[in-house]
Amino acid sequence: MVNPEVHRRASLYAESTRIAIDSAPFDGGEDGSVWHTDQHSVVKSFERYDNYRHELECYKRLKAAGLSKKIRAFNVPEFLGNSDELWVIEMGIVFPPYILDFGKAYLADPGWPEHVLAEWNDKMAFWWGSDARIVRLALYDLRTAGIWYYDAKPGNVMLENWNPSLDDD
């Protein structure tokens, strides 16, 4: 169920920018909800201000690093606008292959212990098989931009030949 306050802020953003959003979000989670617009974009309204500021900073770093639309073979949602008052970000729609959802990325090296990195590499190998290498290279590019991407999982990192039935893991 969508938090009514999150929906209210998304609607106010849409009004202020003269766009229309769908009546119901197409995606949502613990960080907020996402609506399609009539301008071939999406509006993400956040549950918490800190998550909003965090994701906004990721988009600034992506732009500064020249990664605002593409990281290697992966498409990245283009930053289109935002409202600090409403905690909303508007971004372009992307199609596979893509990387999206920067709300849980770290903005400084989290200093993960070796056993955590090993477990993560095992999961990536399970999810993407031989394609895990290209995912790791994209994550390296994010780190060089000052973004340690925590949410590299099926659905957020989508390959062109992805099997959606694996998203359940």
Side-chain angles (χ1 to χ4, degrees), residues 1-3 5-7 9-10 13 25-35 41-65 67-84 86-128 131-132 134-159 162 164 166-169:
M1 180 162 171
V2 178
N3 177 332
E5 176 60 16
V6 168
H7 183 246
R9 287 190 274 102
Y13 177 85
F26 75 91
D27 193 19
E30 60 189 59
D31 296 331
S33 295
V34 183
W35 287 262
S41 64
V42 295
V43 167
K44 184 172 183 178
S45 181
F46 291 81
E47 290 276 346
R48 291 169 292 288
Y49 181 74
D50 288 346
N51 293 97
Y52 159 75
R53 292 295 307 164
H54 189 89
E55 190 152 333
L56 182 62
E57 178 61 26
C58 285
Y59 278 107
K60 288 178 182 179
R61 291 181 184 194
L62 288 169
K63 182 177 182 179
L67 301 172
S68 60
K69 291 185 182 180
K70 207 145 188 86
I71 301 170
R72 295 189 184 255
F74 296 98
N75 298 309
V76 176
E78 181 181 7
F79 174 80
L80 299 174
N82 69 292
S83 169
D84 286 339
L86 299 171
W87 313 349
V88 171
I89 295 176
E90 182 179 359
M91 60 196 88
I93 295 173
V94 291
F95 296 95
Y98 61 65
I99 294 178
L100 47 80
D101 197 357
F102 297 94
K104 291 188 175 103
Y106 288 87
L107 299 174
D109 186 345
W112 290 310
E114 275 304 311
H115 75 277
V116 171
L117 294 173
E119 288 173 20
W120 195 32
N121 282 324
D122 288 346
K123 275 188 174 181
M124 287 196 296
F126 173 76
W127 287 329
W128 294 297
D131 290 324
I134 190 67
V135 174
R136 285 189 193 98
L137 289 170
L139 298 180
Y140 172 80
D141 289 349
L142 285 168
R143 284 191 304 276
T144 63
I147 300 168
W148 284 259
Y149 191 74
Y150 172 72
D151 220 6
K153 63 182 181 185
N156 287 346
V157 178
M158 182 77 70
L159 304 171
W162 187 247
L166 295 176
D167 281 351
D168 297 332
D169 185 38

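Keep in mind the model is a prediction, meaning the values are calculated, not measured.
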Student: With side chains defined as the heavy atoms from C-beta onward, is the minimum distance between Phe102 and Asp151 less than 4.5 Å?
Tutor: no
Student: Show the numbers, then the answer: is there a side-chain contact (heavy atoms from CB on, under 4.5 Å) between Asp141 and Leu137?
Tutor: CA-CA 6 Å; Asp141 289 349; Leu137 289 170; 5.7 Å; no
Student: What closest approach, in Å, do Pro25 and Trp35 show between heavy atoms, and which atom pair accounts for it?
Tutor: N-NE1, 3.2 Å
Student: Is the number of heavy atoms from other residues, nucleotides or ligands within 6.0 Å of OH (Tyr49) greater than 12?
Tutor: yes
Student: Run Asp101 and Lys44 through salt bridge (Lys or Arg N to Asp or Glu O under 4.0 Å) and show every step you take.
Tutor: CA-CA 10 Å; Asp101 197 357; Lys44 184 172 183 178; 3.0 Å; yes
Student: Is Tyr149 close to Asn156 at the side-chain level, that is, under 4.5 Å between some pair of heavy atoms?
Tutor: yes
Student: Can you tell me which residue among His54, Arg48, Glu47 is in a side-chain hydrogen bond (donor to acceptor under 3.5 Å, both in side chains) with Asn51?
Tutor: Arg48
Student: Between Arg53 and Glu57, does a salt bridge (Lys or Arg N to Asp or Glu O under 4.0 Å) hold up when you go through it step by step?
Tutor: CA-CA 6 Å; Arg53 292 295 307 164; Glu57 178 61 26; 5.7 Å; no
Student: Kindly say whether Asp84 contributes a backbone atom to a donor-acceptor pair with the side chain of Tyr52 at under 3.5 angstrom?
Tutor: yes
Student: If I take atom NZ from residue Lys63 and atom NZ from residue Lys69, how far apart are they, to the nearest 0.5 angstrom?
Tutor: 10.5 Å
Student: So does Leu67 get a backbone contact from the side chain of Arg61, meaning a donor-acceptor N/O pair under 3.5 Å?
Tutor: no
Student: Is any side-chain heavy atom of Phe46 less than 4.5 Å from a side-chain heavy atom of Ile89?
Tutor: yes
Student: Please tell me if the side chains of Ser45 and Val88 come closer than 4.5 Å, counting only heavy atoms from C-beta onward.
Tutor: yes
Student: Drop me the distance from Ser41's OG to Phe79's CZ, to the nearest 0.5 angstrom.
Tutor: 12.0 Å
Student: So which heavy atom on Gly92 is nearest to which on Leu80, and how close?
Tutor: N-CD1, 3.5 Å
Student: Please report the C-alpha distance between Leu62 and Leu142 in whole Å, then the side-chain angles of each, then the deciding distance to 0.1 Å, and finally whether the side-chain contact (heavy atoms from CB on, under 4.5 Å) criterion is met.
Tutor: CA-CA 8 Å; Leu62 288 169; Leu142 285 168; 3.6 Å; yes
Student: Determine whether Val94 and Phe74 satisfy the following criterion, side-chain contact (heavy atoms from CB on, under 4.5 Å), listing intermediate values before the conclusion.
Tutor: CA-CA 9 Å; Val94 291; Phe74 296 98; over 6 Å; no
Student: Is there a side-chain contact between Val6 and Trp87 (heavy atoms, below 4.5 Å)?
Tutor: no
Student: Any heavy-atom pair between the side chains of Met91 and Leu100 that's under 4.5 Å?
Tutor: no
Student: Drop me the distance from Asn82's CG to Leu56's CG, to the nearest 0.5 angstrom.
Tutor: 5.0 Å
Student: If you define the side chain from C-beta out and look only at heavy atoms, does anything of Trp128 sit under 4.5 Å from Val157?
Tutor: yes
Student: I'd like to know if the side chain of Asn75 pairs up with that of Lys70 as donor and acceptor (distance under 3.5 Å, no hydrogens or angles considered).
Tutor: yes
Student: I'd like to check Tyr59 versus Pro77 (side-chain heavy atoms, cut-off strictly below 4.5 Å). Are they in contact?
Tutor: yes
Student: How close do Ser83 and Tyr13 get, counting heavy atoms only, and between which atoms?
Tutor: CB-CD1, 3.9 Å
Student: Without placing hydrogens or testing angles, list every side-chain donor-acceptor pair under 3.5 Å for residues 104-122, not counting sequence neighbours.
Tutor:
from	atom 1	to	atom 2	distance (Å)
Asp109	OD1	Gly111	N	2.8
Asn121	OD1	Arg136	NE	2.9
Asn121	ND2	Leu117	O	3.2

